[in-house]
Amino acid sequence: MKIRLICFVLAALVLIPGVSSAYIPSPQYGAFELKFGPYKPNVDNEPGLTSPVYENTFDNKAMFLTVIEIDYQFWRPPGMSFGVGASVGFMQASAKSTLEEGGNSGSTDTSDYTVLNVIPMALMFVVRVDVLAEKFNVPLVPYGKIGLNWYVWWVLNGGGLESAAGEDASGGTFGWQGTVGLAFQLDVLDPMTARTFDNEVGVNHTYIFAELMWATVEDFGTGDCLYLSTDNFFGATVLAGLAVEF
Amino acid sequence: MNRILKIACILALVGSVSAPVYALQLEVVSRSDNSYGTKPPTDPDDTATLKMNLVDCTEMTEILVDFSITTDDYDTTSDGLYFFLGDNCNTGVADCEQVLEEYSGTTTTVQVSFWQILEDVTVTVFGIDGDDDDLQALCTGAATTNGTYSLWAALLSDEADELSGTWSAAVSLETDLDPPDAPTDIKVQIGDRKAKVGWTKDDIEEYAGAYILSIPTTSSSGDEDAGALQDGGSFSCSGPFAEGDEWDHDNQSISDKRVPKSGGTSSTVQPLVNGVTYQFSVVSYDEFLNDSVLSEVVCGKPWGTVGFFTDYRSAGGTGGGKFCFVATAAFGDYDHPVVKVLRGFRDEFLAPLPGGEALINGYYSVGPAMARVVGESPVLRFGTRSVLTIFAGVAWVLGACGPTGAGLGLCVLLAFVMGLSFSRRRRR
């Protein structure tokens, strides 16, 4: 009986790869990512600032960053993919405004809020190493990205765009960013569903991932800009999310 | 009373005598507003219910009840139309009160005053003789007058031994003459030309919402100067408002903001004038729009506020403050046709959309840097002009369709592309 059982299991192991080899994945063109994470900008590192205004206003809290990214994989040698990607996100910090001088002195609380809004955008070169998943059935895909970014920002106070000394509180800051990450291929959890997903919708792989992102957003040191570089963990921030390759 | 008994006798015979079938309908078609404008909300599709509140009672608000008789047999000389108030009057009028005299008019709208109804009820139910003083007292304090009264119409015929009676369905008159309690724990936070007012409603029965009342005061001093500021910059001061007073609806200086129950227990009052001291009070209302008396009165003086950017610039920050328009930079002319189309797209299509203003603000932030780069490069100017001309064409189409039409078109296009993609994959 035991021998029969062992034979059955062995046969199954042999046959399943056989089924697998019959599966022809759809062509793969790119990837889509949705990711989230904390983002603490280094506003207070701007040269010439006489007081830590971000810390004073927003209590040095990290903003919650949401990003979507789409990549086009232009070259797929065995076990790797090279692509270009574009991302856009949104994050915001909010705090109570303070009274102008001459108001009810002694009051510490107002009904107005001051809100720093940031839309980070980036163009990147992306490398994914999926040789482990493709050749060795290890569902891990390390990857790296490097590119230029442009962070658009504006500040609202009491619901309207704030201005100071006749200048509106908005602008854009250029910079660059680098990312390293590791993605876990979810296909291994339910291969049949993954194949159906590919056949029906064209999604080749699904991942959860985490990444470290370093962003230096300081107009390349030319000045006259709001500093928005990452300042969370050793100058980096951690993002995590869901990705699909299609 | 003899008239009622006579009608009751007629009704008793109705069941045993074959009668022509009358169809009698009674429905509420309108009512007049009371002077407070606090007409209790009534479902417009429910023509059989009418709500009335304390102000309706004290002001003798009138309602208009419309009836129709859909029969050719109605004879105004021999048939009589009567109105009764009470429960199940169509099965017996012994416990019902006749309101109005027998109707013999030719129009199909009859006017019934709330005062008339209340008077007829109180005479019988409460044993009051119905003089005005007693009725006023009922309006301002007797919880026993709360309830639901049914108004019926009856078409009764007494013609040559052929007795018949036809009853309408009842119209329901719901009354609530008890004002709710006033909100408590009033808090005011001042801001730039505004103030946020909060309150507690936990112990208020039948709470349906509140009005925030505000009025500027001429008082130049209050506890503010004595350093008795509460959190949010509020303080005590003297003025027209006093806790426990009735809301003076005739005082045109009072501004009110209605906050329904779904709107929570705080709201922002604006626009106010910076530097002027205002008194704030909150009045709650119930489902019948009965108002409470004024809550505790709190004062506040709106004042300009400072946000992150002002502090940033004050501390020596150099970012921001750059504005321009990319299209103008690319075409070199503010009145270029493409620039005009894009401006129209921004103002007429984008701005009304949810989040449209934020998007435009975002664009304003992006614009300066982009325009600077575009304006300095002939190649970029040419490229940007090409892209913007195509975009202006799309924007013109979107502007012509409007947001709804564009959304619908986008859905159809998306469905078409997805269908095409799905079809191609199936074939493969």
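Note that the coordinates shown come from a computational prediction; the quantities given were computed from them, not determined experimentally. Numbers restart at 1 for each chain; the letters A, B, ... are given by sequence-line order, proteins then strands. Scope of the values below: all heavy atoms of this structure, side chains included, with no hydrogens, waters or symmetry mates.
For a residue to count as touching a neighbouring chain, one of its non-hydrogen atoms must lie under 4.5 Å from one of that chain's; by this rule Thr310(B) touches chain A with backbone and side chain alike. With a 4.5 Å cut-off on non-hydrogen atoms, Ser163(A) touches chain B through its backbone but not through its side chain. For Val155(A), the part lying near chain B is the side chain, with the backbone staying farther off; criterion is any non-hydrogen pair under 4.5 Å.
Within residues 36-52 of chain A, the residues having any heavy atom under 4.5 Å from a heavy atom of chain B are, by residue number, Val43(A), Glu46(A), Gly48(A), Leu49(A), Thr50(A), Ser51(A).
Taking Asp185(B) as the reference, Lys187(B) meet the salt bridge (Lys or Arg N to Asp or Glu O under 4.0 Å) condition, with sequence neighbours excluded.
When each of Gly307(B), Ser314(B), Gly317(B), Gly316(B) is scored by its heavy-atom pairs under 4.5 Å with chain A, the top score falls to Gly307(B). Among Val53(A), Thr98(A), Asn56(A), the residue making the largest number of heavy-atom pairs under 4.5 Å with chain B is Thr98(A).
With values rounded to the nearest 0.5 angstrom, Thr114(A) atom OG1 is found 13.5 Å from Tyr312(B) atom OH. Distance check: Asp112(A) CG to Lys194(B) NZ gives 3.5 Å after rounding to the nearest 0.5 Å. Separating the OH atom in Tyr113(A) from the OG1 atom in Thr305(B) is a distance of 12.5 Å, to the nearest 0.5 Å. One distance of note links CG of Asn157(A) with CG of Asp192(B); it measures 7.0 Å at 0.5 Å rounding.
The closest side-chain heavy-atom distance from Thr57(A) to Asp311(B) is below 4.5 Å.
For Arg76(A), the CZ atom sits in a packed shell: over 12 heavy atoms of surrounding residues, nucleotides or ligands are nearer than 6.0 Å.
Relative orientation of the Trp153(A) and Phe309(B) rings is tilted, given thresholds of 30° and 60° on the angle between their planes.
Here the side chain of Glu100(A) pairs no donor or acceptor atom with the backbone of Trp303(B) at under 3.5 angstrom. With hydrogens and angles disregarded, no donor-acceptor distance shorter than 3.5 Å links the side chain of Ser111(A) to the backbone of Ala195(B).
Heavy-atom minimum distance, Phe58(A) versus Phe308(B): CE1-CD1, 3.5 Å.
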